[in-house]
Amino acid sequence: MIRKLRIIFRTSPKAGLLTFLFVLSLALLLVVLWREVRKASDIELPIGQQHISSMMGAVDDHRQDRREVLVLNSYHLGYSWSDNEMRGIVEVLLKADPRYQPLIEFLDCKHYPRMEHFDRVRDLLLQKYRGKEFPVVIVADNPALQFALKYRPQLFPKAAIVFCGINGYDP
């Protein structure tokens with residue numbers, strides 16, 4: 001490769017200069033990229049998630065006496081409304097008992113409001129939580145409640161369903 005570069009530099013000074021500038025530009029881009037990668041640990045999560053993540057870190061995943069609670073979020077990470085709901089749920093659970101381990105599942109119904117993906121989400125949760133019996137499932141907002149009621153017999157038949165953020169609720 002160096003031999004080829006020498007040939008380029010000798011035969012055409014203009015091509016040599018362009019090659020040198022290209023290599024220099026590439027090197028500068030790599031330096032900038034390296035600096036950005038090193039700063040990646042400083043990147044903040046979406047609104048509220050930094051706080052939720054730090055609270056979740058307070059729970060020891062390896063504790064034998066941890067109590068898992070499934071939380072179904074109707075929306076997606078980064079949607080400030082549901083991020084604030086999640087922050088409140090996690091704060092209250094951990095304040096009540098630090099052994100609680102909230103397992104948050106996002107149903108992404110802002111992006112997919114027709115809920116046609118629910119059968120696949122059910123299949124995923126069946127696989128992820130096979131053999132687990134949740135004592136409580138917390139659902140936030142209408143799509144999550146609809147999901148929980150529809151798939152309760154398959155996913156969490158013995159769980160109490162606690163809900164919040166329900167519009168047009170009629171007992």
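In this structure, the side chains of Asn73 and Tyr79 stay at 4.5 Å or more apart for every pair of heavy atoms. When side chains are defined from C-beta on, Val121 counts as touching Leu125, because their heavy atoms get closer than 4.5 Å. Counting only heavy atoms from C-beta outward, the side chains of Ile104 and Val90 approach each other to under 4.5 Å.
By the criterion of side-chain heavy atoms lying less than 4.5 angstrom apart, applied directly or through intervening Ile, Leu, Val, Met, Phe, Trp or Tyr residues, Val31 is not grouped with Phe22; the two fall into different hydrophobic clusters. Linking Ile, Leu, Val, Met, Phe, Trp and Tyr residues whenever their side-chain heavy atoms come within less than 4.5 Å leaves Leu124 and Tyr75 in two separate clusters. Two different hydrophobic clusters hold Leu24 and Val32 under the rule that ILVMFWY side chains link at heavy-atom gaps under 4.5 Å. No chain of hydrophobic side-chain contacts below 4.5 Å, direct or via other Ile, Leu, Val, Met, Phe, Trp or Tyr residues, connects Tyr100 to Val92.
With values rounded to the nearest 0.5 angstrom, Leu28 atom CG is found 12.5 Å from Leu33 atom CG. To the nearest 0.5 Å, atom CG of residue Leu29 and atom CH2 of residue Trp34 are 16.0 Å apart. Distance CG/Leu103 to NZ/Lys128: 8.0 Å, rounded to 0.5 Å. From Gln101, atom CD reaches atom CZ of Arg66 across 5.0 Å, with rounding to the nearest 0.5 Å. Between the OG atom of Ser74 and the CD atom of Glu105 there is a distance of 13.0 Å, given to the nearest 0.5 Å.
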Name every donor-acceptor pair, under 3.5 Å, that has one atom in a side chain of residues 134-149 and the other anywhere in the protein, sequence neighbours excluded.
from   : atom 1 : to     : atom 2 : distance (Å)
Asp141 : OD1    : Trp81  : NE1    : 3.4
Asp141 : OD2    : Trp81  : NE1    : 3.4
Asn142 : OD1    : Asn167 : N      : 2.8
Asn142 : ND2    : Asn167 : O      : 3.0

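The aromatic rings of Tyr151 and Phe118 sit perpendicular, their planes meeting at an angle over 60°, well past the 30° parallel limit.
For Glu85, the salt bridge (charged side-chain N to carboxylate O under 4.0 Å, His left out) criterion is met by no residue, not counting sequence neighbours. With sequence neighbours excluded, no residue forms a salt bridge (charged side-chain N to carboxylate O under 4.0 Å, His left out) with Lys95. With sequence neighbours left out, the ring-ring contact (aromatic ring centres under 6.0 Å, His included) criterion links His117 to Tyr112. For the salt bridge (charged side-chain N to carboxylate O under 4.0 Å, His left out) test, residues two or more places apart in sequence or in another chain that qualify with Asp119 are Arg122. With sequence neighbours excluded, no residue satisfies salt bridge (charged side-chain N to carboxylate O under 4.0 Å, His left out) with Arg152.
Asp83 places a side-chain N or O within 3.5 Å of a backbone atom of Gly78 that can act as its donor or acceptor partner.
In terms of heavy-atom proximity, Leu72 sits nearest to Phe156 at CD1-CZ, 4.2 Å.
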